**Q** 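Below is a structure I'd like to ask you about.
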Amino acid sequence: MANSAELTVDGKSFSFPTLEGSEHEKAFDISSLRDQTGYVTLDRGYKNTGATQSGITFLDGEEGILRYRGYSIEDLASKATFLEVSYLLIYGELPTAEQYETFVNSIRRHTLVNEDMRKIFDGFPVNAHPMCVLASLVSAMSAFYPDSHEGNGNTDQHIIRLLAKLPTIATWSYKRSLGHPTNYPKNNLDYIPNFLNMMFALPVEEYKVDPVVAEALNVLLILHADHEQNCSTSTVRLVGSSQANIYSSISAGIQALWGPLHGGANQEVIEMLEDIKADGGDVGKYIDMAKNAKTTGFRLFGFGHRVYKNFDPRAKIIKKAADDVLNKLGVNDPVLEIAKGLEEAALNDPYFVQRKLYPNVDFYSGIIYRALGIPTNMFTVMFAIGRLPGWIAQWKEMREQKEPIGRPRQIYTGATLREFVPLENR
Ligand code: ACO
């Protein structure tokens with residue numbers, strides 16, 4: 001590979017170093033571009049911008065490959081636990097048995113949330129969206145752990161707190177929406193059973209965690225755990241680059257994830273499938289509407305991806321898991337058939353084929369969440385619980401790499417200098 005790239009601007013030639021990642025992605029290093037040429041680059045939506053060098057997740061959108069720290073997503077989803085994967089993402093290696101035990105036990109001991117956080121929670125309207133509540137309460141955690149911004153304290157301790165408390169906080173909104181009492185964590189339970197117990201147990205009867213449900217959730221959380229520099233992760237890194245504390249940075253990531261074009265799509269998918277069902281199940285009508293998105297304003301949620309121009313490997317695993325889980329639980333969900341019909345129609349339609357629009361991670365995940373008894377407005381919260389270790393790993397890496405504060409440029413297109421007109425003359 002050439003080790004420099006030549007650029008001719010205004011008749012002058014400039015040279016920029018090139019670099020190559022460990023999986024052979026190639027880049028021009030343009031950090032001196034403006035100093036040398038007076039020009040900046042314009043790249044709306046950062047479609048061609050490598051904002052950092054990272055050793056956490058490798059993604060090849062053309063080949064449909066996803067790996068965390070070198071391990072394939074297929075291997076991890078079928079062989080690991082979510083907390084093992086969390087450790088791998090955050091600390092770079094799979095834990096030894098001893099490291100794993102210490103990590104899991106520390107998380108166990110921090111699941112309880114300060115009772116004063118409950119007072120903040122009680123101030124939210126009963127029907128507040130759980131993503132808004134989650135982001136706000138994670139942001140509030142920096143007030144309860146002020147060492148996070150007064151010199152940053154013990155980062156490992158903050159990491160444990162976040163992993164331990166996010167599931168506890170997440171269940172509060174759901175319980176209150178039903179008018180049920182919230183449950184305290186039970187630290188004799190493992191991470192996922194503990195979450196399920198807080199979600200579904202009632203004080204009036206015994207609740208037993210179904211291992212099929214716990215295993216399905218383990219796979220879903222692993223699939224969501226990291227996805228390199230997507231919108232929410234870039235947000236976490238950008239916020240953290242100002243030396244903002246870990247809670248504020250993760251809270252910003254949760255807000256970014258909530259958007260319907262990002263993690264919020266999993267809620268939109270189920271609502272869309274329900275609409276199609278209520279409208280008589282005519283898949284072709286909705287395919288046509290999506291093909292005319294410019295006039296109808298309708299997009300097929302759960303389809304398309306900024307970087308996957310081939311099948312999203314996570315969607316393949318989730319589609320199979322959806323079939324397995326529904327079979328094992330004996331759930332017959334008519335929207336699964338609508339989803340399969342939509343997928344088949346889209347994969348055979350030139351509009352979707354030419355634009356390389358395939359189902360993404362959000363397309364089938366909602367169907368599984370629903371079969372597990374998780375309500376629609378909690379789907380993106382589930383995504384956030386899964387993505388948390390990825391955000392943490394990226395935040396930590398950004399800090400360790402001592403990355404400069406994120407500060408893009410712009411091409412100004414507003415008014416040029418004009419004279420101020422006093423109010424009485426306007
Ligand atoms: N339905 C119909 N047409 C689509 C869709 C879709 N879901 N997605 C993209 N297109 C079309 C666009 O209209 C555009 O067509 P054109 O070339 O005729 O103008 C073309 O495909 C390219 O689309 P862009 O919006 O430029 O692609 P981009 O990479 O910017 O967007 C995105 C990716 C936002 C995910 C998009 O595909 C989308 O809106 N999908 C639906 C929302 C969704 O499922 N989001 C979840 C993504 S996964 C995640 O974030 C966890």
Side-chain angles (χ1 to χ4, degrees), residues 42-49 57 59 61-62 64 66 68 73 131 220-236 253-273 275-276 283-319 338-339 341-369 376 379-391 394:
L42 176 63
D43 184 22
R44 282 156 56 91
Y46 311 125
K47 289 191 178 190
N48 301 285
T49 296
T57 289
L59 195 171
E62 276 73 34
L66 176 62
Y68 301 158
I73 192 65
M131 280 299 275
L220 283 173
L221 296 184
I222 290 174
L223 295 180
H224 283 108
D226 196 46
H227 212 231
E228 52 116 301
Q229 310 309 317
N230 55 81
C231 176
S232 56
T233 301
S234 299
T235 301
V236 169
I254 295 172
Q255 297 286 17
L257 185 74
W258 188 12
L261 295 189
H262 190 15
N266 58 12
Q267 175 171 345
E268 302 286 339
V269 169
I270 285 289
E271 287 167 0
M272 173 186 79
L273 295 173
D275 286 347
I276 300 176
V283 162
K285 176 176 164 187
Y286 286 82
I287 291 278
D288 287 343
M289 274 165 62
K291 283 159 67 175
N292 294 305
K294 290 199 177 65
T295 44
T296 60
F298 174 78
R299 279 192 169 201
L300 272 191
F301 281 100
F303 262 81
H305 199 278
R306 171 59 63 78
V307 288
Y308 287 121
K309 303 302 169 196
N310 193 331
F311 240 94
D312 179 340
R314 302 167 302 171
K316 275 191 191 166
I317 301 173
I318 291 187
K319 183 181 179 187
I338 293 182
L342 209 53
E343 178 185 338
E344 199 189 325
L347 293 182
N348 289 305
D349 190 298
Y351 173 93
F352 292 89
V353 174
Q354 279 157 16
R355 288 169 181 76
K356 300 185 172 154
L357 298 171
Y358 294 91
N360 59 47
V361 67
D362 289 326
F363 193 62
Y364 285 104
S365 64
I367 294 171
I368 305 187
Y369 286 138
T376 315
F379 290 178
T380 318
V381 170
M382 300 308 301
F383 195 150
I385 295 174
R387 182 54 54 86
L388 180 64
W391 288 329
Q394 301 270 353

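Atoms within a ligand are numbered from 1 in the order they appear, just like the ligands themselves. Treat the numbers as computed from the prediction; the structure is a model and nothing was measured.
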**Q** Return the closest protein heavy atom for atom 26 (O) of ligand 1 as residue, atom name and distance.
**A**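 The answer is Lys47 NZ, 3.6 Å.
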**Q** Any idea which part of Lys291 is under 4.0 Å from ligand 1, heavy-atom wise: side chain, backbone, both or neither?
**A** neither
**Q** Which option, Arg355, Arg306, Arg299, owns the non-hydrogen atom nearest atom 24 (P) of ligand 1?
**A** Arg299
**Q** With atoms numbered from 1 as shown, which atoms in ligand 1 lie under 4.0 angstrom from a non-hydrogen atom of Asp362?
**A**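 Numbered from 1, ligand 1 contributes 46 (C), 48 (S), 49 (C), 51 (C).
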**Q** Mark up the atoms of ligand 1 that fall under 4.0 Å of a heavy atom belonging to Ala265, in ascending order.
**A**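 Here the atoms of ligand 1 in question are 43 (C), 44 (O), 45 (N), 46 (C).
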**Q** Would atom 30 (O) of ligand 1 count as contacted, meaning some protein heavy atom under 4.0 Å?
**A**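 Within 4.0 Å: yes, protein heavy atom nearby.
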**Q** Among Asn230, Asp226, Thr233, find the one that has a side-chain hydrogen bond (donor to acceptor under 3.5 Å, both in side chains) with Gln394.
**A**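 That would be Asp226.
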**Q** Do you see a protein non-hydrogen atom under 4.0 Å from atom 22 (C) of ligand 1?
**A**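 Given the 4.0 Å cut-off, atom 22 (C) of ligand 1 does not count as touching protein heavy atoms.
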**Q** Numbering the atoms of ligand 1 from 1, which are under 4.0 Å from a heavy atom of Phe383?
**A** 51 (C)
**Q** Going by the atom numbers of ligand 1, which of them fall below 4.0 Å from some non-hydrogen atom of Gly302?
**A** 43 (C), 44 (O)
**Q** Which residue from Tyr351, Phe363, Tyr358 reaches closest to atom 11 (C) of ligand 1 through any of its heavy atoms?
**A** Tyr351
**Q** Which of the atoms in ligand 1, numbered in the order shown and given with their element, are less than 4.0 Å from a heavy-atom of Phe301?
**A**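 Counting atoms of ligand 1 from 1, those under 4.0 Å from Phe301 are 42 (C), 44 (O).
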**Q** Of the listed options (Arg44, Lys294, Arg387), which comes nearest to atom 16 (P) of ligand 1 when hydrogens are ignored and any heavy atom counts?
**A**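 Checking each option, the heavy atom nearest atom 16 (P) of ligand 1 is found in Lys294.
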**Q** Starting from atom 10 (N) of ligand 1, what is the nearest protein heavy atom, named by residue and atom, and what distance separates them?
**A** Leu357 CD1, 3.6 Å
**Q** May I ask you to check if ligand 1 and Arg314 share an N or O to N or O distance below 3.5 Å?
**A** no
**Q** Got the closest protein heavy atom to atom 50 (O) of ligand 1, with its distance?
**A**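 Nearest neighbour among protein heavy atoms for atom 50 (O) of ligand 1, to 0.1 Å: His262 ND1, 2.8 Å.
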**Q** Among protein heavy atoms, which sits nearest to atom 7 (N) of ligand 1, and what does the distance come to when rounded to 0.1 Å?
**A**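 Scanning the protein heavy atoms, the shortest distance from atom 7 (N) of ligand 1 goes to Leu300 O, 2.7 Å.
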**Q** Considering the options Asn360, Leu357, Asn310, which one meets the side chain to side chain contact (heavy atoms under 4.5 Å, CB included) requirement together with His305?
**A** Asn360
**Q** If we ignore hydrogens and angles and just use 3.5 Å, is the side chain of Arg387 paired with the main-chain N or O of Leu257 as donor and acceptor?
**A**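 Such a contact is absent between Arg387 side chain and Leu257 backbone.
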**Q** Applying side-chain hydrogen bond (donor to acceptor under 3.5 Å, both in side chains), can you list everything that pairs with Tyr358, at least two apart in sequence or on another chain?
**A** none
**Q** Does anything in residues 348-366 form a salt bridge (charged side-chain N to carboxylate O under 4.0 Å, His left out)? List the pairs, not counting sequence neighbours.
**A**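 The answer is Lys291-Asp349.
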**Q** For ligand 1, which atoms sit closer than 4.0 Å to a heavy atom of Leu261?
**A**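 Answer, ordered by atom number: 39 (O), 45 (N), 46 (C), 47 (C), 50 (O).
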